[in-house]
J.: 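Can you keep this structure in mind? I'll have questions shortly.
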Amino acid sequence: MANYELNLLDYWMIVRKRKLLIGLTAALVVLFTFALTQLTKSAPIYQATARVKFDKASTMASLFLDAFSYSYSNAQETQSEVIKSVAVIEQAAGRLGLVPMNASEETRRTREYRQTVESLRDNIQAAPEKQTSIIAITATSESPVDAENTANAVAEAYRAENIRSRNRMVTDAIGFVDRQLDEREQKLGEAEEALRQFKEREGQVFLTEEAQAALNIFTELEQEHNKVTRLKEQTAKQIEILKESRGVKGLPSKRIFTEDTLTLLASLNKRLVDLFQERTTLLIDYKSQHPAVRLVDKKIANVKLEMIRELVSKLQSLADREVTLRDQIERYRERYLDFPRAAIKLSRLEREVEVNAELYSTLKKKQQELLIKSAERIEEVTIISPAVSSGVPINRPKNTLNMVVGTAMGLFLGVVLAFARESFDTSIGTIEGIEEFLKVPVLGIIPQFDEHELRENAAKALPPNTSKPVLEMFSKLPCLVDPASVLSENLRSLRTNLQFANMDRTTKSLLFTSVGSGEGKSTTIVNLAVTLAQEGKRVLLVDGDMRKPNVHKRLGLKRDPGLAEALSGATQWNDSVKTVSDLMMGALGVDLVMNTPGLDNLHVLTSGMVSRNPAEFLSLDRINSLISEMREEYDMLLFDTPPILPVTDAVTISSCVDGTVLVYQVGRIGRSALRRAKFLIDHAQAHVVGVVLTNVKAEIAPEYGYMEYSYR
């Protein structure tokens, strides 16, 4: 290969030269990409999203619930997990008809029921939207309608579960107040009845103001003592409940009530309930041995321990207070023993009626507040955007993108293969490369032509009834049928270059050969002979290929007698030469020969009869004798010989002529074969005039594209 650097034009020429390889590679890659996309295409999956808004309730009822130390986390992350809880998913599955509504405990324990609920839960995602109180509930399904219905069912189930959960606390509180109200009403009635009976039995009892004041204090001390005793029993019971289980599995389900919401015990109780809620939420996704659950368990144990300590301290304080009150009551009893027992009894009964009446009034007020709140229905969840499926699967294959990427990859791979093919190509593909490799000039360039177009041009120049074999023969003679074509111009350029290449020496005989067969040698030499004859030179075209002769076919002449008979001595060579009269009598016809000037200067010596061993005729002495005689009568001798590598005929004759022209079809024969052919000619001490390139494409010689345009 020639030692020169490639520029952008050279790269473009390689791409044009290998355009079929690039196109085929790109097409295969695109086809493979399309097939792979279709084969790996999964079932379409659709998504639909419903959006809900969660607002923590802060009304009178919620404040009342807070007084009982019940806490409900309003963190959006927690609510997102609540949406995926078993209670919500079960209700959603019932709404969708996947499981029976309000199923029994036995049904809920079945494997099919659990699998259905878990399968639905796996297809649900809930995530809060940033910086808002809105939660997006996304459902996934193989059907857009199912995805839409599932997302809406979960949103409705979450809303219903939230209403039920929040109003359940109100209902429980109403039940508690009702029971206390009934009990307090009964005690109030009993106290009033006891007071009435006492007054009927004892009549009116009078005390002095001092005695009445002392009696009131005595009564208050007894009431305080009773209250402390009750709180002491309640505290002891709370300690007992907390000590029922030191672990987590046996934690009590009852809430611990405290009268004072501002104490440390109330804060700890609230913290304990919050931890219970957090643990329940974690158990939705994790087992009890998960590190997150175990961490919450540890926190619960610590809070319980702190509550027990606080309760023990409170119990001790109440015990001390109880002893103090008992001492004070005893002192008052000893001091006022002279009080009439009837007066003391009356004061107690009146105090009992007053206390019960006050408690009854308070409970009645609380009952009315809870009934009002129950009628309001606490709703913390609002569906602000129901799910509507777009109908477009989320896993839709990106066919357009895949095709674009596949095309780009195919073109890239095609270019890589084209340059790789060019690198491994042992033929010589450029004019500079051939001249550098053979050290001889390129005399002519025969561009690549379309045989169909040549036949059409021949048909235009010949009569309409011309037979197909004759038409095929004339298509190989562009210098006759289409002298204005690019191919004819290139053949005339070859004639001119041959004349200038031999200005320093007398060259009257030229041999045309090639490395292999089918490189356009015979077509080139026949058309060159015609152009030389049209220039006014007496030309003798000798068909030296006695194995596969083609000259007589190109010109429509008889094959014998010819060179074989002349070399064997059967006839004289000049008796076997075909002249213009033979051309007119042959396939060319009288009209074409008469209308083509210069053909009377063309003489042809065909190959003659083909022998089994043509080499036996090729005697150097006989060939030299014939060529010497031919020189005397003709201005130029042109010898068409077989390819140089398969047989030695061309080598033998090349040593007897003035110059040898090597016909080379670009890109067909490897450089080693071309070097061998050049070596054989040089070894025979023959003179290589130059090389004629055939089948040259635009990427080898781009200027011929402009030449073709200019001659049309």
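Not measured: the values here are computed from a predicted model.
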J.: Exactly one of Arg554, Lys521, Lys548 should register a salt bridge (charged side-chain N to carboxylate O under 4.0 Å, His left out) with Asp640. Which one does?
T.: Lys521
J.: Do the side chains of Val154 and Ile83 get nearer than 4.5 Å, heavy atoms only?
T.: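 They are in side-chain contact.
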J.: Report the distance from atom OG of Ser607 to atom CZ of Arg547, rounding to the nearest 0.5 Å.
T.: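 Interatomic distance, Ser607 OG to Arg547 CZ, rounded to 0.5 Å: 12.0 Å.
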J.: So do the side chains of Arg495 and Leu528 get within less than 4.5 Å of each other, counting heavy atoms only?
T.: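 Contact flag for Arg495/Leu528 side chains = yes.
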J.: Side chains of Leu555 and Leu541: does their closest heavy-atom pair fall under 4.5 Å?
T.: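 Leu555 vs Leu541: side chains touch.
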J.: Below 4.0 angstrom, N of the basic side chain to O of the carboxylate: do Arg121 and Glu118 qualify?
T.: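 Judged by the 4.0 Å cut-off on N to carboxylate O distance, Arg121 and Glu118 do form a salt bridge.
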J.: Mark yes or no for whether Thr138, through its side chain, and Thr49, through its backbone, hold a donor-acceptor pair below 3.5 Å.
T.: no
J.: When rounded to the nearest 0.5 angstrom, what is the spacing between CD in Gln79 and OG in Ser85?
T.: 9.5 Å
J.: Between Asn497 (side chain only) and Gly444 (backbone N and O only), is there a donor and an acceptor less than 3.5 Å apart?
T.: no
J.: Calculate, to the nearest 0.5 Å, the distance between atoms CG and CD1 belonging to Leu417 and Ile22 respectively.
T.: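 Between Leu417 CG and Ile22 CD1, I get 9.0 Å after rounding to 0.5 Å.
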J.: Identify the heavy atoms of Ala684 and Ser655 that sit nearest to each other, and give their distance.
T.: O-CB, 3.5 Å
J.: Would Val526 and Leu477 count as a side-chain contact (heavy atoms from CB on, under 4.5 Å) here? Give the steps.
T.: CA-CA 8 Å; Val526 170; Leu477 297 173; 3.5 Å; yes
J.: Between Ile653 and Thr513, is the side-chain contact (heavy atoms from CB on, under 4.5 Å) condition met? List the steps.
T.: CA-CA 10 Å; Ile653 301 176; Thr513 186; over 6 Å; no
J.: For the pair Thr694 (side chain) and Glu519 (backbone), establish whether a donor and an acceptor sit closer than 3.5 Å, ignoring hydrogens and angles.
T.: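 Judged by distance alone, yes, a pair lies under 3.5 Å.
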J.: With the side chain counted from C-beta on, respond yes when Val515 and Pro643 share a heavy-atom pair under 4.5 Å apart, and no when they do not.
T.: no
J.: Counting only N and O atoms by type, is there a donor-acceptor contact under 3.5 Å from the side chain of Thr648 to the main-chain atoms of Ile644?
T.: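 Answer holds: no.
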J.: When you measure from the side chain of Ser509 to the backbone of Asp658, do you find a donor-acceptor pair of N or O atoms at a distance under 3.5 Å?
T.: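 Yes, the answer is positive, given that a donor and an acceptor are paired below the 3.5 Å cut-off.
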J.: CD of Gln115: more than 12 outside heavy atoms within 6.0 angstrom?
T.: yes
J.: I'd like to know whether Val696 forms a side-chain contact (heavy atoms from CB on, under 4.5 Å) with Ile446, so could you lay out the CA-CA distance, the side-chain angles of the two residues, the decisive distance to 0.1 Å, and finally the verdict.
T.: CA-CA 6 Å; Val696 177; Ile446 309 301; 6.0 Å; no
J.: Within a strict 4.5 Å, meaning less than it, do heavy atoms of the Thr140 and Ile45 side chains meet?
T.: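 Answer yes - side chains close enough.
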J.: Between Arg51 and Glu129, is the closest basic N to carboxylate O distance under 4.0 Å?
T.: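 Answer for the salt bridge query: yes.
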J.: Could you check whether any side-chain heavy atom of Thr641 comes within less than 4.5 Å of a side-chain heavy atom of Asp649, counting everything from C-beta outward?
T.: no
J.: Does Asp146 reach the main-chain N or O of Glu142 with its side chain, forming a donor-acceptor pair under 3.5 Å?
T.: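 Not at all, since once roles are kept as given, no pair shorter than 3.5 Å links the two residues.
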J.: Please report the closest heavy-atom contact between Val381 and Tyr158, naming both atoms and the distance.
T.: CG2-CE2, 3.5 Å
J.: Tell me the closest heavy-atom pair linking Ala533 and Val539, and the distance in Å.
T.: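 Of all heavy-atom pairs spanning Ala533 and Val539, the closest is N-CG2, 3.8 Å.
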J.: Ignoring hydrogens and angles, state whether a donor on the side chain of Gln499 or Glu535 is under 3.5 Å from an acceptor on the partner side chain.
T.: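 Yes, Glu535 and Gln499 have a side-chain donor paired with an acceptor closer than 3.5 Å.
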J.: Is it true that Thr660 and Ser654 share a donor-acceptor pair across their side chains at a distance under 3.5 Å?
T.: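 Per modelled atom types, Ser654 and Thr660 side chains form no pair under 3.5 Å.
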J.: Side chain of Asp543, backbone of Val551: donor and acceptor closer than 3.5 Å?
T.: yes
J.: Looking only at the side chains, is there a donor atom on one of Glu148 and Tyr46 sitting less than 3.5 Å from an acceptor on the other?
T.: no
J.: So, the side chain of Thr382 versus the backbone of Ile384: is there a donor-acceptor pair under 3.5 Å, distance only?
T.: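 Side chain of Thr382 to backbone of Ile384, a donor-acceptor pair under 3.5 Å: no, none is there.
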J.: Just to verify, which of Leu511, Val691, Leu498 counts as forming a side chain to side chain contact (heavy atoms under 4.5 Å, CB included) with Val661?
T.: Leu498
J.: Write down the atom of Ala155, the atom of Ala50, and the distance for their closest heavy-atom approach.
T.: CB-CB, 4.2 Å
J.: Would you compute the distance between atom CG of Leu602 and atom CE of Met636 and round it to the nearest 0.5 angstrom?
T.: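 These two atoms lie 13.0 Å from each other.
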J.: Taking Thr523 for its side chain and Gly520 for its backbone only, find out whether a donor-acceptor pair lies under 3.5 Å.
T.: no
J.: Check whether any side-chain heavy atom of Thr606 lies under 4.5 Å from a side-chain heavy atom of Pro549, and answer yes or no.
T.: no
J.: Any idea which heavy atoms bring Cys479 and Leu491 closest together, and the distance?
T.: SG-CD1, 3.4 Å
J.: Please find the pair of heavy atoms, one from Gln665 and one from Gly518, that lie closest to each other, and give the distance.
T.: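 Taking Gln665 first and Gly518 second, the nearest heavy atoms are OE1-O, 3.1 Å.
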J.: Go through it in stages, so that I can follow the logic: the residues are Val692 and Leu662, the test is side-chain contact (heavy atoms from CB on, under 4.5 Å), and I'd like the CA-CA distance, side-chain angles, deciding distance and then a yes or no.
T.: CA-CA 6 Å; Val692 176; Leu662 192 60; over 6 Å; no
J.: Rounded to the nearest 0.5 Å, what separates atom OG1 in Thr150 from atom CZ in Arg95?
T.: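 If I round to the nearest 0.5 Å, the distance is 13.0 Å.
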J.: To the nearest 0.5 Å, what is the distance between CD1 (Ile525) and CG (Leu494)?
T.: 10.0 Å
J.: Could you check if a side-chain atom of Val530 sits within less than 4.5 angstrom of a side-chain atom of Leu599, using non-hydrogen atoms only?
T.: yes
J.: Applying salt bridge (charged side-chain N to carboxylate O under 4.0 Å, His left out) to Glu81 and Lys84, what does each step give before you reach the verdict?
T.: CA-CA 5 Å; Glu81 295 299 327; Lys84 298 179 63 177; 5.6 Å; no
